[in-house]
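Here the structure is a predicted model, which is why all the values come from computation and not from measurement. Chain A is the first sequence line, chain B the second, and so forth, proteins listed ahead of strands; every chain is numbered from 1.
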Number of protein chains: 2
Amino acid sequence: MSTQELVFSKDCSDCPIRHRAVCSRCEPDELLRLEEIKYYRSYEAGQTLVWSGDRMDFVASVVSGVAKLTQTMEDGRTQMVGLLLPSDFVGRPGRDRASYDVTAVTPVLMCCFRRKPFEDLMERTPHIATRLLEMTLDELDAAREWMLLLGRKTAREKIASLLAIMARREASERPARARGRVAFELPLTREAMADYLGLTLETVSRQVSSLKSEGVIELEGKRGIMVPDFARLLEETGDDTDGGHLI
Amino acid sequence: MSTQELVFSKDCSDCPIRHRAVCSRCEPDELLRLEEIKYYRSYEAGQTLVWSGDRMDFVASVVSGVAKLTQTMEDGRTQMVGLLLPSDFVGRPGRDRASYDVTAVTPVLMCCFRRKPFEDLMERTPHIATRLLEMTLDELDAAREWMLLLGRKTAREKIASLLAIMARREASERPARARGRVAFELPLTREAMADYLGLTLETVSRQVSSLKSEGVIELEGKRGIMVPDFARLLEETGDDTDGGHLI
DNA sequence: CTTGTCGGTTGATCTCGATCAAAGCCGTTT
DNA sequence: AAACGGCTTTGATCGAGATCAACCGACAAG
């Protein structure tokens, strides 16, 4: 398959700059230059892609699957600090050591770019930096919302918030769905949810059960979550519901 | 005072790109273009510069003083999500509404740039975007460390961590000081510390007292903190102390 | 079929930090 | 000097979530 083929047949789904379907200024020759320095890697669930402190000579974009960034204290307490879904970017141009553990939550396919050439390309292609800045600012916003969750929300609100975030993200992928009704796969174990929310897995389990028994959510098998009334779920998050951006 | 004068006499201390004394590629004429679109604003302690949701047609750089970014829930629970010290950047190119409340903690002087012209300048001056990306990535790292603190640390560790962060930042400003011994002004009230750490002000007060009575810190007047042995303080943070970057 | 493992649930108890309440300490105003 | 307001400290009590422990169900391996 020619490089050209790859780029356009897949709608450049592995170009980190295009991934979120925003950068309309991606020129074909710039994409080609990206093609030259990229390669794929796949990982199985549970596998750690990078350890905190490791040398990291690539940056990458998640093509499929879910991965997490975690920080761990000496005594084993761990906190998830990033959840990577398809189209998310990993790695940091200009730094050669990873700051967090990166672990596959489900099987993951990454599209990697060798770091040095990627940095060179960034120098020559200004709007890649602009796009990356935009994505990083989005991540920073998400991190700050997450901080409010960690610092001030109750266990119940935390669970509801996590479900709302996942549901919203799911909905944005496939916007066609019944009004207010959302169903999605939650790819996280109770323990991973606990690490996300700064709780213990027992508390997560109890609160999920409680939301289920009150009809806010329905469980479908192991990982399926069904939200009959999204607005109802939002009420449980403690967030401003009339903030406009409902979904 | 001529523009030239201002730029070079103050070592461009109000240029957000140069603020952290990193961007060695700032050309005089680029700095001049920044000069043309900037203005100063000062605020008194307690004053809110921007309300979440407000229109924000500038970006800015803190020249002096301390400001905070906070998020508040309907019922009044608030969480600080950013602490802005001199040289920090506020605002987001490409977005016209503020996402957080920005409040002066001490009297603050801001160097503001009208947003649209700043964005235009960014287009024409690629390494401004690069520099901004770098700064944003630093902030993201800080936010993620903060998430570990909020999600997993004990009250005592939280206090120690905050003090260590402030001490470290202080030390980097004026690197000349006795080995292990650091003194600094903590510009936050107990309530602000509580908002930073996801605690109540009573808990903050108790833990500070406890650290004092155990000799980890000494209080000098209202706001002065003296750390006789920085390594000792670090032990209390729960962080990896042999992570190299001690101070 | 048994055994093991992994993820999840549920129960009993404990504890850290929240909450409620009362003073204390300045610095400023009257 | 007295009164006041903002900030802090300290005490008593309460409760949400952690901890410890048992058990369940699904699935894979022996």
Side-chain angles (χ1 to χ4, degrees), chain A residues 44-47 68 73 75-79 103 105-106 149-163 185-214 217-225 236 238, chain B residues 44-47 73 75-79 103-107 149-162 185-214 217-225 236 238:
Chain A
E44 38 189 283
Q47 199 179 351
K68 60 182 179 178
M73 300 171 66
D75 61 6
R77 282 176 280 173
T78 78
Q79 174 66 50
T103 310
V105 171
T106 64
L149 177 151
L150 289 172
R152 295 301 186 193
K153 289 191 178 179
T154 65
R156 188 185 174 89
E157 289 168 340
K158 286 178 176 184
I159 300 286
S161 299
L162 171 57
L163 295 177
E185 291 292 302
L186 196 128
L188 305 176
T189 64
R190 298 287 179 245
E191 188 178 24
M193 292 173 70
D195 286 346
Y196 187 111
L197 301 170
L199 297 171
T200 60
L201 61 95
E202 292 95 330
T203 299
V204 170
S205 182
R206 279 184 243 273
Q207 296 294 339
V208 169
S209 297
S210 155
L211 286 175
K212 185 181 73 173
S213 72
E214 292 174 33
I217 59 173
E218 287 162 32
L219 305 186
E220 291 169 347
K222 202 90 173 184
R223 291 287 161 82
I225 304 278
E236 299 287 350
Chain B
E44 38 189 282
Q47 200 178 350
M73 299 170 68
D75 61 5
R77 283 175 280 173
T78 77
Q79 174 66 51
T103 310
V105 170
T106 65
L149 177 151
L150 289 171
R152 295 301 185 192
K153 289 191 178 180
T154 65
R156 187 184 175 92
E157 289 168 340
K158 285 179 175 183
I159 300 286
S161 299
L162 172 57
E185 291 291 304
L186 196 131
L188 305 176
T189 65
R190 298 287 179 245
E191 189 179 24
M193 291 173 70
D195 285 346
Y196 188 110
L197 301 169
L199 297 171
T200 60
L201 62 99
E202 294 95 328
T203 299
V204 170
S205 182
R206 279 184 243 274
Q207 296 294 338
V208 169
S209 298
S210 155
L211 287 174
K212 184 180 74 175
S213 72
E214 292 174 34
I217 59 172
E218 287 163 32
L219 306 186
E220 291 168 346
K222 201 94 175 181
R223 292 286 161 82
I225 304 278
E236 299 287 349

Nucleic acid contacts of residues 192-200 of chain B, taken as heavy-atom distances under 4.0 Å to DNA chain C: B:G198, B:L199, B:T200
Just the rounded figure in Å: distance from P of C:dG17 to CG of B:L150. 13 Å
Rounding to a whole Å, what distance do you find between B:R152:CZ and C:dC16:P? 17 Å
A:A155 vs B:L219, nearer the 5' end of DNA chain D by closest nucleotide: B:L219
Think A:S205 has a side-chain N or O under 4.0 angstrom from the OP1 or OP2 of C:dT9? yes
Could you tell me whether the phosphate oxygens of C:dT10, OP1 or OP2, come under 4.0 Å of any side-chain nitrogen or oxygen in A:S209? yes
May I have the step-by-step check of side chain to side chain contact (heavy atoms under 4.5 Å, CB included) for B:L150 and B:Q79, ending in yes or no? CA-CA 10 Å; B:L150 289 171; B:Q79 174 66 51; 3.9 Å; yes
Can you work out whether B:R206 or A:K212 has the more 5'-proximal nearest nucleotide on DNA chain C? A:K212
Determine, stepwise, if the pair B:V105 / B:T103 fulfils side chain to side chain contact (heavy atoms under 4.5 Å, CB included). CA-CA 6 Å; B:V105 170; B:T103 310; 5.9 Å; no
When you compare the side chain of [Y] with that of [X], does any pair of heavy atoms fall below 4.5 Å?
X: A:K158; Y: A:R152; answer: no
X: B:M193; Y: B:L162; answer: yes
X: B:L186; Y: B:K222; answer: no

Under a 4.0 Å heavy-atom criterion, DNA chain D is touched by chain A from D:dG17 to D:dC20
Give each protein N/O atom lying under 3.5 Å from an N/O atom of nucleotides 5-7 of chain C, with the pair distance.
none

Audit row: A:L197, A:T203, side chain to side chain contact (heavy atoms under 4.5 Å, CB included) steps and yes/no: CA-CA 10 Å; A:L197 301 170; A:T203 299; over 6 Å; no
Would you call A:E214 and A:R156 a salt bridge, taking side-chain N to carboxylate O under 4.0 Å as the test? yes
What I want to check is whether the side chains of A:S213 and A:S210 have a donor and an acceptor closer together than 3.5 Å. no
Tell me, yes or no, whether the heavy-atom count around A:E220 atom CD, taken from other residues, nucleotides or ligands under 6.0 Å, exceeds 12. yes
